[in-house]
> 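Would you mind keeping the following structure in view while I ask a few things?
Because only heavy atoms are used, hydrogens play no part in the values below, and waters and symmetry mates are left out as well, while side chains stay in. Letters go in sequence order (proteins before strands), and every chain restarts at 1.
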There are 2 protein chains.
Amino acid sequence: MDTPWLDRRQLRAWIRLRAVLELLPGVLDAQLRHDSDITEFEYFVLAVLSEAPERTLRMTELAARTNATLPRLSHVVARMERRELVERFPCPEDRRATNARMARAGWDTLRRAAPGHVATVRHHVIDALTDEQVDQLADICEALLARLDPSGTMSAIYTRHDEPGGEEPTPGEGRTGDP
Amino acid sequence: MDTPWLDRRQLRAWIRLRAVLELLPGVLDAQLRHDSDITEFEYFVLAVLSEAPERTLRMTELAARTNATLPRLSHVVARMERRELVERFPCPEDRRATNARMARAGWDTLRRAAPGHVATVRHHVIDALTDEQVDQLADICEALLARLDPSGTMSAIYTRHDEPGGEEPTPGEGRTGDP
DNA sequence: TAATGAAAGTTGTCGCGACAACCGATTCTC
DNA sequence: GAGAATCGGTTGTCGCGACAACTTTCATTA
């Protein structure tokens, strides 16, 4: 338990990361709430569902892919269901399980929200960095996630560093693809 | 408004950063709540106060240095005052203003909480990265903060890249210093 | 084939943060 | 020097997330 203190350079990094942690989520959330009346987390739920086969996923799987606890996801999906963004129905194979499927309005919402959201992400993250830094950031976050999310459910999707891609239907958030 | 989509590499970085944003604060918060019965934000408030002259700061200044809005800080400090971690008193020079001063119990709490908190930060952030990555992370976050916090109140403290230090009384979170 | 334990979700309560409204003090300006 | 605008801070309300029960279903095994 005799942990060495942080030296000056480490402290610089930590203080700044902490500030980013404090500020960035609020900015993203505010933009989406204001422009599309959804949370950043709700956006992400829709984005993940949109990439799943049948636009359907079991609650547990959806929770894992969105880094949410099951209770949290349950609440969120309940609220989204009221707004008819998604719908839930019991899973045939396992009667304990529940499937969440993206509804029509959810798809429309996602589609309309995407451009503004991507623009915000670009402006506050991607465009603020050099290409090299973007890659560094990916590696750094991967290293952090190894400790934060040992099962790596989320990072798993993008852990294949290379591979010019093609197997999955262009994973990612939302995407511009037409119906 | 015709923003280009994110390419594969950018998406990798963003998805992972998003995951870190989602998971890391919870981990830090849980550790401090569990071990010391304070929020990570409360810890930071105490840490910032501990480095101020007289361990005292005006609410506005404290808000700026902790990246908090004034209403939020007001609520937090009110709660902390009830637990006698800090105390508030009107500012003599400007009768609109309020000073927040760290109280004895606040200092004790910070002192006891620090080792565990630092260990958690080390384990989940610093030790997960190479020295080079730590520096990269600092630069990346600085770039992001330029857009998130244009006034740069917080980053300002550590913006002097080089300088072997010495002027300020070892700024940073808490610190091991004896009374 | 009971019985025990684990998994999948839901629900309820509580605390924190965002936002808006508000008030007193202060500075500006004509 | 009397408004008007602004600053500094507090308070109230609301929504979301954490955590802890709890229910139902499935898996194990004795």
> Which sits closer to the 5' end of DNA chain D, Glu42(A) or Glu93(A), going by the nucleotide each is nearest to?
Glu42(A)

> Between which nucleotides of DNA chain C, read 5' to 3', does contact with chain A run, using atoms under 4.0 Å from its heavy atoms?
dA7(C) to dG12(C)

> Quick one: does any side-chain atom of Glu81(A) pair with a main-chain N or O of Arg88(A) as donor and acceptor, under 3.5 Å?
yes

> Taking the cut-offs as 6.0 angstrom to the six-membered ring centre and 45 degrees off its axis, would you call Arg65(B) and Phe44(B) a cation-pi pair?
no

> Looking at residues 70-86 of chain A, who's got a heavy atom less than 4.0 Å off DNA chain D?
Pro71(A), Arg72(A), His75(A), Val76(A), Arg79(A)

> Kindly determine whether Glu42(A) and Arg83(A) satisfy side chain to side chain contact (heavy atoms under 4.5 Å, CB included), including the steps that lead there.
CA-CA 12 Å; Glu42(A) 291 173 338; Arg83(A) 289 182 281 157; 2.5 Å; yes

> Hey, could you give me the CG/CG distance between Leu23(B) and Leu144(A), rounded to the nearest 0.5 Å?
10.5 Å

> Remember a base hit wins even if backbone is also touched, and classify Asp94(B) as base, sugar-phosphate or nothing at under 4.0 Å, heavy atoms.
sugar-phosphate

> For the backbone of Leu49(A) and the side chain of Arg55(A), can you confirm whether one donor and one acceptor N or O come within less than 3.5 Å of each other?
no

> Answer yes or no for Arg72(B) and Phe41(B): cation-pi contact, defined as NZ/CZ to six-membered ring centre under 6.0 Å and angle to ring axis within 45°.
yes

> Heavy-atom nearest nucleotide on DNA chain C for Glu22(A) versus Arg58(A): which residue maps closer to 5'?
Arg58(A)

> Would you say CG of Asp37(B) has more than 12 non-hydrogen atoms from neighbouring residues, nucleotides or ligands within 6.0 angstrom?
no

> Count the heavy atoms of every other residue, nucleotide or ligand shown that sit under 6.0 Å from CG of Asp108(B), and state whether that count exceeds 12.
yes

> What is the distance, rounded to the nearest whole Å, between atom CZ of Arg95(A) and atom P of dT24(D)?
12 Å

> Output the rounded distance in Å from CG (Asn99(B)) to P (dG8(D)).
13 Å

